[in-house]
Amino acid sequence: MIPERVSLITIGAKQLPQLRQFYQRLGWREMEFSSDSYCVFRTAGVLLSLFPLTELLKDAGLSQDYSIEGFKGITLAINVDQPGEVDTYMEEVRAAGGTVIREASDAFWGGRTAYFLDPESNAWEIAWNPDSVFDEKGAMISF
């Protein structure tokens, strides 16, 4: 059986230096082995890596003309501890150069949520869920 876990998310970057700077402006810490051609940021439970898109296409065995335009139906989420943090962090995203695509608002399911795009249009959600449970390292283990 394959382990039930996600341990690393890699975003294929069109412009790695600019995308890297965005996440640095959010205050995210990089791993020591990050370099100009590959970087990895620490998060509570999953590592986020940025890798040049052309190299990622090669590594995955996809052709260079693989369509990368448009929304792929995937969002990444940052779940927070308090509802007001959604609003606070969206202002930080805006200041770092992110594009807010849905302002913070109360959700029908009882939480608070907002969405933004990073500089290469990767979709992120910042959400507070009153039922979220985090472990001692801040990784969400239930909701």
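As the structure is a computational prediction, the values presented were derived from the model and not from experiment.
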_Working to the nearest 0.5 angstrom, can you tell me the gap between L50 CG and L16 CG?_
6.0 Å

*Considering all heavy atoms of both residues, which atom of A139 and which atom of G45 are nearest to each other, and what is their separation?*
CB-CA, 3.9 Å

*asked:* I'd like to check the side-chain contact (heavy atoms from CB on, under 4.5 Å) partners of E125; sequence neighbours left out, ordered by chain and number.
replied: A77, T113, Y115, A127

*Scan residues 132-143 for pairs that pass salt bridge (Lys or Arg N to Asp or Glu O under 4.0 Å), counting only residues two or more places apart or in two chains.*
none

_side-chain contact (heavy atoms from CB on, under 4.5 Å) partners of R29, counting only residues at least two apart_ = R42

*Could you tell me which non-hydrogen atom of F22 sits nearest to which non-hydrogen atom of P119, and how far apart they are?*
CG-CD, 3.4 Å

*For residues 88-103, which residue pairs qualify under salt bridge (Lys or Arg N to Asp or Glu O under 4.0 Å), counting only residues two or more places apart or in two chains?*
E91-R94, R94-E103

*Please list, chain by chain and in numerical order, all residues satisfying side-chain contact (heavy atoms from CB on, under 4.5 Å) with S142, sequence neighbours excluded.*
V133

*asked:* Enumerate the salt bridge (Lys or Arg N to Asp or Glu O under 4.0 Å) contacts for residues 47-57, please, sequence neighbours excluded, ordered by first and then second residue.
replied: E55-K58

_So which atom in P130 and which in G111 form the shortest heavy-atom distance, rounded to 0.1 Å?_
CD-CA, 3.9 Å

*Taking only residues two or more places apart in sequence, or in another chain, which ones meet D36 in a salt bridge (Lys or Arg N to Asp or Glu O under 4.0 Å)?*
R20

*asked:* Could you work out, with side-chain contact (heavy atoms from CB on, under 4.5 Å) as the rule, every residue matching L76, not counting sequence neighbours?
replied: I9, I11, W124

*T88 side chain to G84 main-chain N or O, any donor-acceptor pair under 3.5 Å?*
yes

_ring-ring contact (aromatic ring centres under 6.0 Å, His included) partners of Y89, counting only residues at least two apart_ = none

_Separation between CG of L19 and CG of L53, rounded to the nearest 0.5 Å_ = 11.0 Å

*How long is the gap from CG on L117 to CG on N122, to the nearest 0.5 Å?*
8.0 Å

_F41: partners by ring-ring contact (aromatic ring centres under 6.0 Å, His included), with sequence neighbours left out_ = Y23

*From C39 atom SG to Q21 atom CD, the distance as rounded to the nearest 0.5 Å*: 10.5 Å

*For F51, the rest of its hydrophobic cluster, which grows through side-chain links under 4.5 angstrom*: L8, M31, F33, Y38, V40, L47, L56

*Side-chain contact test, heavy atoms from C-beta onward, threshold under 4.5 Å: evaluate it for F116 versus I126 and give yes or no.*
yes

*asked:* Give me each pair satisfying salt bridge (Lys or Arg N to Asp or Glu O under 4.0 Å) with a member in residues 111-121, each pair once, sequence neighbours excluded.
replied: D87-R112, D106-R112

*Pairwise distance NZ(K14) to OG1(T54) - rounded to 0.5 angstrom*: 12.5 Å

_To the nearest 0.5 Å, what is the distance between CH2 on W28 and CD1 on I78?_
4.0 Å

